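Note that the structure is predicted; figures quoted are calculated from it, not measured.
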Amino acid sequence: MAENDKKDSKKVLNELEKRRELKGWISKVAGAVAILAALFHLYTAGGGQLFALSQRAIHLAFIGFLAFLYYPSAPKQDDRVPVFDMILSLAVVGLAAYVLLSIDQLGYRAGEPIVTDWVFGIFMTLLVLELTRRVVGNALTLIAAVFLLYAYLGPYMPGVLIHKGYSLERIFSYLYLSLDGIFGIPLGVSADFIFLFILLGTFLDKSGAGQYFIDMAYALTGWSKGGPAKASILASGLLGSITGSSVANAVTTGTFTVPLMKKVKYSSDFAAGVVAAASTGGQLMPPIMGAAAFIMAEFLGVAFIEIARAALVPAVMYFLSLILMTHFRAGRLGLKPIPKDEVPDFWPTFKSGVHLLLPLVALVVLLVQGASPQRSVFTAIVLMVPVILLERLYISFIKEEKRSANDVKETLQGVGGKVIDSFKEGTVKAIQVAVACACAGIIVGTVTMTGLGLKLAGYIELYAAGVLLYGLLLTMIASLVLGIGLPTTAKYIVLATLVAPALERMDVGSIIGAHLFILYFATDADITPPVSLTAYATAGLAGAEPLKASIEAFKLGLSAYLIPFMFIYDPALILEGDPLFITVALVTAVVGIIAFSASIQGFFLDNLNILERLLFAAGALSLIYPGLLTDGVGVAILGVIFGFHWIKFNKSGEKEQSAEASA
């Protein structure tokens, strides 16, 4: 990616995240703190022993200090940091320090907080809410505030929501000084795993892995019909698995792939929709996935590799659907492939950056062997340093033939600069997720305190009349509604806390499947109109109308609304059950996805009329729903329509040949 493109994508990302560009001495202070934060997390991942509460307090101190510097109180403020924001930065550090200093005494005064405990708890909670407002947005802030009011006003709540109520002393000391509130599981996962995986993604970006993935995807698919769109999808899947952020993924890949799609005559709206749909799916693609997947593993008490294993087939099916959608759209529009001489050769492209894959290979191998995500990502980050060093040495001493002592010094300084920049940028990128996790801790804490989760689960079960489909539909609607203002991680935490128990009580079959269902719709919200932040980001890159780009992304990503129902009703798709049933499920699901994609785009071998599209859709849905009867019906329908369409296609081809011969 050209340097100007990198600057443009960074500018777009900063604008979307409403982040300041720090300058002068405050930039140096923030940079130093960011480096210390990265080193601290590497220390704890490498074996440094700390109490969970201590580690999470230090984590929030680093994040809170930087967040008040980088994120202004109002979007239109300039890049200068007012004194008030500096005071708030220091206040977070001071309140976190109080937690550290109080750890030895907390056990002695459990249930009997002193005045400073709950007063400082009020201040910390307010600071977290203000951070959330600035960094994440108003929606999550308001939801957390409502839950706080609910904890206090319990006796005045109607019906099933009523509870005894809690005093301010109890609420805020509980949220501030326990492992069930602000410093609960969500922030713990942020401190243990998410920060480090974001740091790894930044290292890979600095090493050129992001551009390498884009080049590889383009070399693989650029020559085919609709090649640039397929390259965008593959690149987004590869890169999104590392970044875990749909917006960051979209901005990074879209800067390169949107112009290529427009070059082969895809519309601006469609190009923006492709990047948005593919980038959103990156959060679902193993081996890394998005931040919510690590929280899921912690909630369920299973190894992360089990989550990645279950997510693999659905994610591949989603990206297969996207590729087919773009292929069929290219056929419908009659788009021509890019000449092969304008597409890079695969093997030279692959060999040019194969060393960049070594840390990822090590990461996957360690996860498969049962190592913790924390230790696995720590190893991958450590391996990135020699990879960057060897690459720089190769460029300097082999390709450019620089051999002097000064050249060696410059090379080492360049490597050191990349490492330092990775520390800084990785820490800043982690702010958004960490703040969302801290605020989600307020919600989880009040739900735990009041027992709302069990009450709501019973209410949903009752409202759904014990029917799983109704429960799933309610979950889907709740997730899409929350998606209007919440990031994926926060949506997942809220729904996993409130709704997952209801699905489990309705005999969902697979607990991992239930949580993956929630994760899918938490992710789908990013491409669901009318509010679709990822599509809005890509619309800016493509010069498209945001709402139209959002609609295109929604249409392209429709399979993501079906796939969760597929693996709920057929756990074989998340690799649970007998190998024979898994194989049959995979084959029928893939055929169903092909037919579904053809139906949506109105093209298979040739343009489809309305009746043909309906038959393709009917056959697809029959195959998607598990069971011998439905599979038989689906095969019969698609067999007839495939045969009919094949005959029609061949006849039209013969007519064209006759016309050409006559001419």
Side-chain angles (χ1 to χ4, degrees), residues 10 13-14 17 19-22 26-50 52 54-71 89 92-93 96 100 131 135 187-210 242-245 248 288 291 294 359-360 362-363 372-389 412-438:
K10 186 176 180 181
L13 194 56
N14 282 346
E17 296 183 349
R19 193 190 300 163
R20 287 185 182 116
E21 283 288 339
L22 300 183
I26 197 71
S27 175
K28 294 179 181 178
V29 170
V33 171
I35 293 169
L36 287 174
L39 292 173
F40 166 75
H41 287 84
L42 287 172
Y43 164 73
T44 56
Q49 298 296 316
L50 283 176
S54 300
Q55 182 199 10
R56 296 171 192 182
I58 296 172
H59 175 66
L60 186 57
F62 279 123
I63 292 297
F65 179 85
L66 292 171
F68 275 119
L69 298 183
Y70 275 101
Y71 289 84
S89 290
V92 175
V93 176
L100 295 173
L131 278 176
V135 176
L187 192 67
V189 175
S190 174
D192 286 340
F193 311 135
I194 297 171
F195 184 101
L196 293 165
F197 276 94
I198 291 173
L199 188 61
L200 173 61
T202 307
F203 264 96
L204 286 164
D205 181 53
K206 289 293 179 183
S207 70
I242 294 167
T243 64
S245 166
I288 297 178
F294 296 98
L360 291 178
L363 172 70
S372 69
Q374 194 175 24
R375 179 55 60 90
S376 302
V377 71
F378 172 79
T379 304
I381 291 171
V382 170
L383 284 174
M384 283 303 309
V385 178
V387 165
I388 293 173
L389 176 61
L412 294 176
Q413 287 177 340
V415 172
K418 283 192 174 185
V419 172
I420 294 298
D421 287 346
S422 297
F423 283 164
K424 291 179 181 178
E425 289 189 24
T427 301
V428 174
K429 287 178 181 178
I431 290 174
Q432 191 174 59
V433 175
V435 169
C437 286

Next on the checklist: Can you confirm whether Phe203 sits close enough to Val419 that some side-chain heavy atom of one is under 4.5 Å from a side-chain heavy atom of the other?
Outcome noted: yes
Rounding to 0.5 Å, atoms CG (Leu383) and CZ (Phe378) come to a distance of 10.0 Å
Correct closest heavy-atom pair for Phe68 and Ser89 would be CB-OG, 3.1 Å
Minimum side-chain heavy-atom gap Phe40-Thr427 below 4.5 Å = no
Practice task
Look at the side chain of Gln49 and the backbone N and O of Gly47, then say whether any donor-acceptor pair between them is shorter than 3.5 Å.
Solution key: yes
Here the pair of heavy atoms bringing Ala61 nearest to Val93 is O-CG2, 3.9 Å
In terms of heavy-atom contacts, Ala45 and Arg375 come closest through O-NE, 3.7 Å
Report task. Report yes if the side chains of Leu50 and Ile58 come closer than 4.5 Å at any heavy-atom pair, otherwise no. Result -> yes
Here the gap from Ile35 atom CD1 to Ser422 atom OG, rounded to the nearest 0.5 Å, amounts to 10.5 Å
dist Ile431:CD1 -> Leu66:CG (nearest 0.5 Å) comes out at 5.0 Å
Nearest heavy-atom contact between Leu199 and Gly426 is CD1-CA, 4.1 Å
Between Leu200 and Leu196, is any pair of side-chain heavy atoms under 4.5 Å apart? no
Counting C-beta onward and ignoring hydrogens, is there a side-chain heavy-atom pair between Phe62 and Leu36 closer than 4.5 Å? yes
Between Thr202 and the options Lys418, Lys424, Lys429, the side chain to side chain contact (heavy atoms under 4.5 Å, CB included) test singles out Lys429
Between Gly64 and Leu131, the two heavy atoms sitting closest are CA-CD1, 3.9 Å
The reported gap from CE in Met384 to CG in Leu360 (rounded to nearest 0.5 angstrom) is 8.0 Å
**Prompt:** What's the verdict on side chain to side chain contact (heavy atoms under 4.5 Å, CB included) for Val377 and Phe193, showing C-alpha distance, side-chain angles and the deciding distance?
**Reply:** CA-CA 8 Å; Val377 71; Phe193 311 135; over 6 Å; no
So the side chain to side chain donor-acceptor pair (under 3.5 Å) pairs with at least one residue in residues 54-64 (sequence neighbours excluded) are His41-His59, Gln55-Asp192, His59-Ser190
Subject >> pair Phe65-Tyr70: side-chain heavy atoms closer than 4.5 Å >> reply: no
Please examine the side chains of Tyr71 and Arg19, heavy atoms only from C-beta on, and report whether any two atoms are closer than 4.5 Å. yes
Nearest heavy-atom approach of Ala96 to Ala57 is CB-O, 3.4 Å
